[in-house]
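The next block holds one structure in the form of structure tokens; read it before the comments.
The chain is numbered in sequence order, starting from 1. Counting convention: from 1, in listed order, for ligands and their atoms alike.
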Amino acid sequence: MKILANDGISKSGVKALEKAGFEVITTKVAQEQVASFINTHDVKVLLVRSATKVKKDVIEACPGLKIIGRGGVGMDNIDVDFARQQGIHVINTPAASSESVAELVFAHLFSGVRFLHDSNRNMPLEGDTRFNELKKAYANGIELRGKTLGIIGFGRIGQAVAKMALGLGMRVIASDKYIGEAVIRVDFYNGQFINVDIKTEPIEDLLKESDFVTLHVPSQNGYIIGRDELKMMKDNVGIINAARGGVIDEVALVEALDEDRVLFAGLDVFENEPSPEMHLLMNPKISLTPHIGAATVEAQDRIGTELAEQIISLLKNN
Ligand SMILES: O=C(O)[C@H](O)COP(=O)(O)O
């Protein structure tokens with residue numbers, strides 16, 4: 001039975017699937033060719049990350065598909081309900097990448113408070129005399145310890161962020177439409193741990209209290225952080241979005257950065273993906289990454305292995 005992993009899959013995933021007798025094809029097929037490739041090669045399982053879109057047109061054109069697998073969390077690139085109505089299993093790996101996304105949030109936070117993204121762009125060439133000038137420009141860094149981190153969206157990723165923030169000595173507050181409270185277990189290298197109970201609070205309170213705000217919500221129809229929400233935030237707040245483009249109003253964000261109301265932003269996702277707007281790319285107050293929250297060896301290994309386990313259990317054990 002053939003599997004097309006159109007956005008790639010880890011070696012561990014390929015190995016587990018091949019061991020179970022599947023053939024895994026990892027050639028990248030262009031979006032417009034996906035359906036015809038699936039049909040001509042008699043592919044039964046389509047695996048994607050966020051790049052390949054599996055919308056109604058593709059699903060309708062591939063009546064032989066048995067499984068659509070999303071290696072990752074967000075399923076906004078898949079018409080999940082429609083696929084399930086056609087009797088296709090739709091699976092994902094909701095827990096596999098939480099730590100990696102959380103670590104990227106801190107990469108952006110550390111970059112923001114110490115201007116790393118900007119100093120990397122500006123470091124002087126040999127013979128350039130601006131070294132001391134830059135030393136002065138980046139002299140007012142901020143420590144994270146003791147500051148308040150507001151986490152919007154307190155599911156798996158939000159809670160992984162909370163755990164790391166607590167480890168750094170930050171105060172953590174959270175807001176979530178569906179989750180009232182969560183016990184965050186902070187593990188130490190020597191096997192010891194502490195539990196910290198965090199009750200969520202209304203978003204308005206979070207925005208007023210936070211020194212840094214990070215978003216961990218699924219794709220939305222409207223902005224969670226728009227012009228009004230930006231106005232509610234503390235002066236010199238830092239904002240991170242490693243969730244989905246479209247949860248922050250980018251135009252209002254740039255305005256707030258330009259007016260020195262927001263100190264910095266860290267963006268891994270964009271309203272216009274994969275071609276983020278120029279006003280974001282050129283902004284010295286924005287630390288940027290190209291949607292790589294889940295892009296670690298460890299997360300992709302877990303994702304590949306979990307997908308393989310689910311596929312084997314759905315197709316081999318039934
Ligand atoms: O929803 C996800 O899992 C993340 O956005 C990662 O997406 P990616 O698999 O395209 O890196």
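A distance-only check finds a donor-acceptor pair linking the side chain of Glu229 to the backbone of Gly226 [under 3.5 Å]. Of the possible polar contacts, one joining the Asp268 side chain to the Ile292 backbone as a donor-acceptor pair under 3.5 Å is found.
Of all protein heavy atoms, the one lying nearest to atom 5 (O) of ligand 1 is His291 NE2, 2.6 Å. Here the heavy atom of the protein found nearest to atom 7 (O) of ligand 1 is Arg70 NH2, 3.2 Å. At the top of the distance list for atom 10 (O) of ligand 1, counting protein heavy atoms only, stands Ser50 OG, 2.4 Å. For atom 3 (O) of ligand 1, the nearest protein heavy atom (residue, atom name, distance) is Val73 N, 2.6 Å.
Between His216 and Thr214, the side chains place a donor N or O and an acceptor N or O closer than 3.5 Å (distance only, hydrogens not considered). Under the 3.5 Å distance criterion, with hydrogens and angles disregarded, no donor-acceptor pair is assigned to the side chains of Asn77 and Ser50.
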- request: Tell me, with the steps shown, if Tyr223 and Glu271 meet side-chain hydrogen bond (donor to acceptor under 3.5 Å, both in side chains).
  value: CA-CA 10 Å; Tyr223 296 129; Glu271 286 190 63; 2.9 Å; yes
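Look at Asp7 and Lys28 and you find a salt bridge, because one of the NZ, NE, NH1 or NH2 atoms lies within 4.0 Å of a carboxylate O, short of that distance.
Inclusion of Ala243 in the set of residues having an N or O under 3.5 Å from an N or O of ligand 1 is not warranted. Residue-to-ligand polar distances keep Gly72 apart from ligand 1: every N/O pair is separated by 3.5 Å or more. Considering backbone and side-chain N/O of Arg49, one or more are found under 3.5 Å from N/O of ligand 1. Where the criterion is an N or O separation shorter than 3.5 Å, residue side chain and backbone included, Gln300 fails it with respect to ligand 1.
Atom CZ of Arg261 has more than 12 neighbouring heavy atoms from other residues, nucleotides or ligands inside a 6.0 Å radius.
Using a 4.0 angstrom heavy-atom cutoff, Gly71 counts as in contact with ligand 1. Assignment of Arg244 to the shell around ligand 1 is supported, since a heavy atom sits closer than 4.0 Å.
A tilted orientation is assigned to the rings of Phe106 and Phe110, their planes being inclined by 30° to 60°.
Which parts of ligand 1 touch Gly74 is read off a 4.0 Å heavy-atom cut-off, strictly below it: atoms 1 (O), 2 (C), 3 (O).
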